[in-house]
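Per chain, numbering begins at 1; letters A, B, ... match sequence-line order. The structure displayed is predicted, hence computed values, not measured ones.
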There are 2 protein chains.
Amino acid sequence: MLIEVDFAGDIPIYTQVRDQIVIGIAAGLLLPDEPLPSVRRLAADIGINVHTVNKAYAQLRDEGYIRMDRRSGAEVAPPMEKSPSYLATLETKLYPIVAEAICHRAGAGDICDVVNRVFLALGDRGEDGNE
Amino acid sequence: MLIEVDFAGDIPIYTQVRDQIVIGIAAGLLLPDEPLPSVRRLAADIGINVHTVNKAYAQLRDEGYIRMDRRSGAEVAPPMEKSPSYLATLETKLYPIVAEAICHRAGAGDICDVVNRVFLALGDRGEDGNE
DNA sequence: CGCTTGTTCTATATCATGTATAACACATAT
DNA sequence: ATATGTGTTATACATGATATAGAACAAGCG
């Protein structure tokens, strides 16, 4: 599970780390209860500060993606429950993106094609046949 | 075309203004060549600084959504060309969102359902039958 | 001239981001 | 006991983004 960071981009480093770990969990590269590298270790590997990694980990913990213990370190959390309230959050995030797509003359099919492409790219090991 | 801003949220004001105008264009509430309120006018209406509105307008101009003239003011730009390069940008934006959705046990169908729902909410007047 | 338009400039205040260093509480291994 | 490794917290500093404020400019129009 290699994590790379773009220092030149306008996306915060801790957000990049957080996103890549979420992607790793979604893709099945990070399995439940699997230990994550310690904050100091990952910071040294990437070449960033400990607090930056800690901020990413803390956010992941608050969002329920990982579990942190002062002694045993950080671990991937068990799979989430399927909460309908998340769909409202998803809709809020998709609203400006879909509007942009419409302005670029993309149809709903075009957007869903991209969604399915990303889904397949992540889903090689991410699905376990729940539906 | 009413624009409202959430001062308490963590989304920059100029981004909120920019997003709502994009949504307005996508929904057909703002038609091509339609004049936008002046930066001073909109700033006064919303209750924010002129520079904040100017930043939103400048970004919209750089992205091709609107056209600005020093004398005639700001106007909605003509419809965009359908560029394939945008789909790559869209895919980059959707990647973390789809990963999040997978972690929340949402399937590709669930995501596309939300996309279609947003598409319909915006598309009441946004489509003109291009495909 | 008077008014409006976008544009640019300076200045200030606040918050986010990232780094740096250090210490703490807790657990484990030597 | 000592050493090492966890996450956690605290302080400090530098930089950039965000937002505000006031002022001025060039250009068009009645």
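- Residues satisfying the side chain to side chain contact (heavy atoms under 4.5 Å, CB included) criterion with B:R70, sequence neighbours excluded, are absent altogether.
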* Nucleic acid footprint by protein, nucleotides 8-19 of chain D - heavy-atom cut-off 4.0 Å, B for base, S for sugar-phosphate alone -> BBB-------SS
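- Per the geometry, CZ belonging to A:R71 stands 19 Å off P belonging to D:dG5, to the nearest Å.
- B:K93 pairs by the salt bridge (Lys or Arg N to Asp or Glu O under 4.0 Å) definition with A:E100, not counting sequence neighbours.
- Remark: B:R67 engages B:D33 in a salt bridge, criterion side-chain N to carboxylate O under 4.0 Å.
- Between B:H104 and A:Y86, the ring-plane angle classifies as parallel under the 30° and 60° cut-offs.
- B:E75 has its CD atom 12 Å from the C1' atom of C:dT5, to the nearest Å.
- Ion pairing of A:D45 with A:R40 is absent here, as no side-chain N (NZ or NE/NH1/NH2) approaches a carboxylate O to less than 4.0 Å.
- Nucleic acid contact class of B:S38 (heavy atoms, under 4.0 Å, all strands): sugar-phosphate only.
- Residue B:R41 qualifies as open at atom CZ: its count of foreign heavy atoms under 6.0 Å is 12 or below.
- Straight-line distance from the CG atom of A:L36 to the C1' atom of D:dG5: 16 Å, rounded to whole Å.
- As a whole-Å value, the separation of A:I66 CD1 from D:dG7 C1' is 11 Å.
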